[in-house]
Amino acid sequence: QSGAIGLKDSLTNYNITSKYLSLIESDVLVNQLANCRGVQAFNWTPDDIRPSQLYVCKKWDLILVDSMTRQLSGTFEEVIA
């Protein structure tokens with residue numbers, strides 16, 4: 001069974017939680033995600049093993065852990081060109 005051109009039958013999604021980000025680190029990440037607006041793909045590597053590929057992140061949450069630390073959770077969807 002073949003899918004539409006440019007699409008896979010099964011998308012690769014990564015649910016990522018980055019703990020213990022400084023305020024500056026979390027601000028940079030949230031600004032980058034907001035600038036992409038969940039539609040503009042960006043290069044990202046989910047771990048040190050896989051090569052960088054294009055992903056979008058449509059939804060993320062930022063939680064204040066303490067006065068100097070935040071936690072960012074998001075779902076990254078692989079973009080198939």
Side-chain angles (χ1 to χ4, degrees):
Q1 180 180 9
S2 63
I5 295 174
L7 298 176
K8 285 196 319 188
D9 291 333
S10 153
L11 292 176
T12 302
N13 293 332
Y14 294 97
N15 293 309
I16 302 295
T17 298
S18 291
K19 295 183 179 181
Y20 311 117
L21 295 170
S22 71
L23 299 181
I24 293 171
E25 290 170 327
S26 63
D27 285 346
V28 168
L29 287 173
V30 167
N31 286 336
Q32 289 174 345
L33 293 173
N35 286 337
C36 292
R37 297 183 189 101
V39 295
Q40 181 180 349
F42 53 89
N43 281 308
W44 181 66
T45 305
D47 55 37
D48 293 336
I49 299 169
R50 294 179 186 92
S52 176
Q53 294 186 356
L54 291 176
Y55 290 85
V56 293
C57 183
K58 296 178 183 176
K59 187 170 84 172
W60 64 90
D61 295 311
L62 190 63
I63 299 166
L64 186 63
V65 175
D66 61 36
S67 64
M68 298 301 293
T69 311
R70 294 179 181 166
Q71 178 179 344
L72 179 70
S73 298
T75 301
F76 293 78
E77 299 176 12
E78 183 180 359
V79 174
I80 306 302

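L23 and T69 get closest at one heavy-atom pair: CD2-N, 4.4 Å. For the residue pair T45 and R50, the shortest heavy atom distance occurs at CG2-O, 3.0 Å. For K58 against G38, the heavy-atom pair with the smallest separation is CG-O, 3.4 Å. Heavy-atom minimum distance, V65 versus R70: CG2-C, 3.9 Å. The minimum heavy-atom distance linking G74 with C57 is given by the pair CA-SG, 4.4 Å. Residue F42 comes nearest to V56 through the heavy atom pair CE2-CA, 4.0 Å, listed as atom of the first residue, atom of the second, then distance.
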- Message: Working note: V30 + W60, criterion side-chain contact (heavy atoms from CB on, under 4.5 Å); need CA distance, chi angles, decisive distance, verdict.
- Response: CA-CA 8 Å; V30 167; W60 64 90; 4.0 Å; yes

CA sep, side-chain torsions, deciding dist, call: D61, L72, side-chain contact (heavy atoms from CB on, under 4.5 Å): CA-CA 6 Å; D61 295 311; L72 179 70; over 6 Å; no

* **Pair V79-Q53, side-chain contact (heavy atoms from CB on, under 4.5 Å): steps then yes or no** => CA-CA 8 Å; V79 174; Q53 294 186 356; over 6 Å; no

Task: side-chain contact (heavy atoms from CB on, under 4.5 Å) evaluation trace for N43 with L54 - done: CA-CA 5 Å; N43 281 308; L54 291 176; 3.6 Å; yes

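Note: Y55 and W44 have perpendicular aromatic rings, judged against thresholds of 30 and 60 degrees for the angle between ring planes.
With hydrogens and angles ignored, the 3.5 Å screen pairs a side-chain donor or acceptor of E25 with a backbone N or O of S22.
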